[in-house]
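Lettering of chains follows the sequences in order, A, B, ..., and the numbering in each one begins at 1.
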Protein chains: 2
Amino acid sequence: MADETRVRMLEAAGPIFAEKGFDATTVREICAAAEVNVASVNYHFGGKETLYLQTVKLAYRQRLQRVPPAAWPADAQPAHKLQIFVSTILNRVLGEGNIGWETRLLMREMLQPTQACQPVMEEYIRPQWDQLMGILDELLPDETTHHVRHQVAFSIVGQCLHYRFANEFVLFLIGDDWQNEAYSVGRLAQHITRFSLAAINGLSEVDLESELETQDVKPPIPAMT
Amino acid sequence: MADETRVRMLEAAGPIFAEKGFDATTVREICAAAEVNVASVNYHFGGKETLYLQTVKLAYRQRLQRVPPAAWPADAQPAHKLQIFVSTILNRVLGEGNIGWETRLLMREMLQPTQACQPVMEEYIRPQWDQLMGILDELLPDETTHHVRHQVAFSIVGQCLHYRFANEFVLFLIGDDWQNEAYSVGRLAQHITRFSLAAINGLSEVDLESELETQDVKPPIPAMT
DNA sequence: AGTGAATTCAAACAAGTGTATGAAACGCTT
DNA sequence: AAGCGTTTCATACACTTGTTTGAATTCACT
């Protein structure tokens with residue numbers, strides 16, 4: 001069956017593309033890993049590029065079905081919804097044992113989008129975004145401008161994705177402590193949820209006493225060597 | 001003068017490496033941009049790899065001197081310090097017009113560290129981290145565990161870096177609105193500072209009434225196609 | 001102006017790239 | 001078992017890659 005080899009190639013290509021990127025990966029390396037002939041790439045996929053696109057597609061499909069969209073009971077409190085949402089994102093992004101090739105590949109796409117990115121954005125990112133905006137509608141005062149809503153949403157998502165994007169960064173700073181149970185997906189989700197809820201609740205009050213005001217910081221020095 | 005060509009090559013290599021990554025970049029392309037012969041790479045740098053390392057070094061040196069480390073008056077309030085700190089990070093990361101090649105290259109290094117990364121971590125990242133931890137010492141209750149301190153720090157840094165890491169992500173979601181003045185570096189810094197301060201102030205209180213508790217979310221479904 | 005070292009250059013090199021080819025092997029229906 | 005379309009394979013083909021070479025040029029210094 002030809003389908004069997006096709007999926008074998010995709011599953012071999014995934015980790016390699018994720019680890020080294022499109023250009024640094026050679027079709028020969030993939031074929032060796034999949035134990036197929038070099039010509040298979042062109043026969044089954046028509047070229048390296050199409051193989052890559054299919055691999056990206058596979059990546060987010062697997063991610064999507066592995067960790068289904070966040071869902072909650074109809075009568076759930078907004079705060080509880082946020083908790084579930086954050087947990088879902090973290091699970092998707094950090095995966096099991098935070099070493100899945102799928103998210104590595106998707107992060108790569110996010111940093112430098114290729115042609116493969118549009119469907120990912122449309123089907124993977126956008127729904128989650130809409131979901132988050134829905135939760136914030138319940139949590140933020142009605143008069144909140146959409147700029148602020150967006151910024152709050154980015155603040156929440158940013159906290160989550162940071163652990164994937166800047167994973168090496170985190171590892172460098174805290175070292176082996178990363179293995180500590182305090183950095184389990186569950187605990188991180190708990191922290192981010194509490195942090196964000198506290199921020200949201202406090203935002204309106206801070207507005208009143210705000211002593212730091214529009215107080216701008218000195219612009220970059222126009223230095224020159 | 002040989003030095004002159006050397007810097008010309010580095011300045012030509014910077015944007016190209018930043019845009020396409022190490023492997024996708026060819027020495028011929030760099031040499032064409034720098035208007036020098038291909039052999040210059042090996043004559044002046046000994047090879048493509050060394051040229052890359054020097055380019056990364058140049059990137060964070062330039063970033064460092066362009067936006068000097070955060071500084072504040074001795075009697076500054078902790079909240080004000082945080083404001084200055086966040087502003088500094090955002091300025092470094094988003095730069096002027098958020099299109100500097102330097103940070104693009106550094107983000108690339110952060111996602112997939114190469115040999116060039118260690119000095120960057122040591123001299124560029126670590127000091128900022130220490131500075132932030134110092135500020136948090138003043139803002140958080142003394143009994144706060146170091147795990148929580150770290151997580152709060154990551155929450156703050158994560159919010160800042162998100163706008164660089166997931167820039168394409170942001171652009172996709174809000175479109176041209178990114179050009180709006182609401183997303184200027186100053187306004188973003190203001191939002192992140194307020195958000196984080198509100199979170200920090202609220203954290204201890206939330207602890208008491210915390211209804212969401214350690215309430216864990218369902219583990220990923222062991223699906224299979 | 002002349003000399004010797006430093007720098008630039010055009011050209012070539014071997015190795016590796018993605019892709020194409022045509023024959024061999026396979027699986028299925030007749 | 002024969003035949004035929006599908007899939008695999010070894011091999012070759014342009015082409016690009018980083019690097020090397022040796023001659024030509026430039027530069028600083030007496």
Side-chain angles (χ1 to χ4, degrees), chain A residues 1-59 101 105 108-109 112-117 225, chain B residues 1-59 101 105 108-109 112-117 225:
Chain A
M1 191 71 86
D3 270 358
E4 199 256 22
T5 49
R6 215 168 353 231
V7 311
R8 193 151 44 107
M9 291 180 68
L10 283 173
E11 280 170 357
I16 304 180
F17 275 137
E19 192 60 39
K20 318 172 63 169
F22 179 80
D23 296 282
T25 302
T26 73
V27 299
R28 282 174 170 80
E29 187 180 0
I30 294 175
C31 291
E35 293 179 326
V36 298
N37 192 271
V38 260
S40 308
V41 171
N42 289 278
Y43 180 76
H44 286 287
F45 296 92
K48 183 187 180 184
E49 190 155 328
T50 317
L51 169 60
Y52 178 77
L53 296 185
Q54 300 286 349
T55 308
V56 173
K57 225 161 190 161
L58 174 69
W101 62 268
L105 191 56
R108 208 179 268 281
E109 273 294 310
Q112 185 177 37
T114 72
Q115 185 190 344
C117 218
T225 320
Chain B
M1 191 71 87
D3 270 357
E4 198 257 21
T5 51
R6 209 158 10 223
V7 313
R8 194 150 46 107
M9 291 180 69
L10 283 173
E11 281 170 355
I16 303 179
F17 275 137
E19 192 60 39
K20 317 172 61 168
F22 179 80
D23 296 282
T25 302
T26 73
V27 300
R28 282 175 170 78
E29 188 180 359
I30 294 175
C31 291
E35 294 181 324
V36 298
N37 192 272
V38 259
S40 308
V41 170
N42 289 278
Y43 180 78
H44 286 287
F45 295 93
K48 184 187 180 184
E49 190 156 328
T50 318
L51 169 60
Y52 178 77
L53 297 183
Q54 300 286 350
T55 307
V56 173
K57 225 161 192 161
L58 174 68
W101 63 268
L105 191 57
R108 208 178 269 280
E109 273 295 310
Q112 185 177 37
T114 72
Q115 183 189 346
C117 217
T225 320

>> Near DNA chain C, counting only heavy atoms under 4.0 Å, which residues of residues 18-33 of chain B show up?
In response: B:Arg28
> Of the candidate nucleotides D:dT6, C:dA10, C:dA20, which contains the atom at the shortest distance from the side chain of B:Asn37?
Replying inline: C:dA10
>> Looking only at the side chain of A:Lys48 (C-beta and beyond, no hydrogens), which of the listed nucleotides D:dT19, C:dA6, C:dT19 gets closest?
In response: C:dT19
> What are the two closest heavy atoms between A:Ala59 and A:Trp101, and how far apart are they?
Replying inline: CB-CZ3, 3.7 Å
> Quick one: OH on B:Tyr52 to CG on B:Leu105, what's the gap to the nearest 0.5 Å?
Replying inline: 5.0 Å
>> Once side-chain hydrogen bond (donor to acceptor under 3.5 Å, both in side chains) is applied, what residue pairs with a partner in residues 22-51 of chain A remain, sequence neighbours excluded?
In response: A:Lys20-A:Glu29
> Step by step, would you call B:Val27 with B:Leu51 a side-chain contact (heavy atoms from CB on, under 4.5 Å)?
Replying inline: CA-CA 10 Å; B:Val27 300; B:Leu51 169 60; 5.6 Å; no
>> Closest approach to the side chain of B:Ala39, judged atom by atom: which nucleotide of D:dT21, D:dT11, D:dT7 is it?
In response: D:dT21
> Over how many whole Å does the gap from B:Asp3 atom CG to D:dC27 atom P extend?
Replying inline: 15 Å
> With sequence neighbours excluded, what pairs up with A:Glu19 under the salt bridge (Lys or Arg N to Asp or Glu O under 4.0 Å) test?
Replying inline: A:Arg104
>> Using OP1 and OP2 only, check whether a side-chain N or O of B:Thr5 sits under 4.0 Å from C:dT7.
In response: no
> So how far is it from B:Phe22 CZ to B:Arg108 CZ, rounded to the nearest 0.5 Å?
Replying inline: 12.0 Å
> Tell me: CE of A:Met9 to C1' of D:dT8, nearest whole Å?
Replying inline: 11 Å
>> Go through it in stages, so that I can follow the logic: the residues are A:Phe45 and A:Leu10, the test is side-chain contact (heavy atoms from CB on, under 4.5 Å), and I'd like the CA-CA distance, side-chain angles, deciding distance and then a yes or no.
In response: CA-CA 10 Å; A:Phe45 296 92; A:Leu10 283 173; 3.9 Å; yes
>> What is the separation between atom CD on B:Glu4 and atom C1' on C:dT8, rounded to the nearest whole Å?
In response: 13 Å
> Can a side chain N or O of A:His44 be found less than 4.0 Å away from OP1 or OP2 on D:dT6?
Replying inline: no
> Atom CD of B:Glu49 and atom P of D:dG18: how far apart are they, to the nearest Å?
Replying inline: 12 Å
> When the distance from OH of A:Tyr43 to C1' of D:dA10 is rounded to whole Å, what number comes out?
Replying inline: 17 Å
> Can you tell me how far C1' of C:dG18 sits from CZ of A:Phe17, to the nearest Å?
Replying inline: 12 Å
> Between atom CG in A:Asn42 and atom P in C:dT19, what is the gap in whole Å?
Replying inline: 5 Å
> Between C:dT19 atom P and A:Phe45 atom CZ, what is the distance in whole Å?
Replying inline: 13 Å
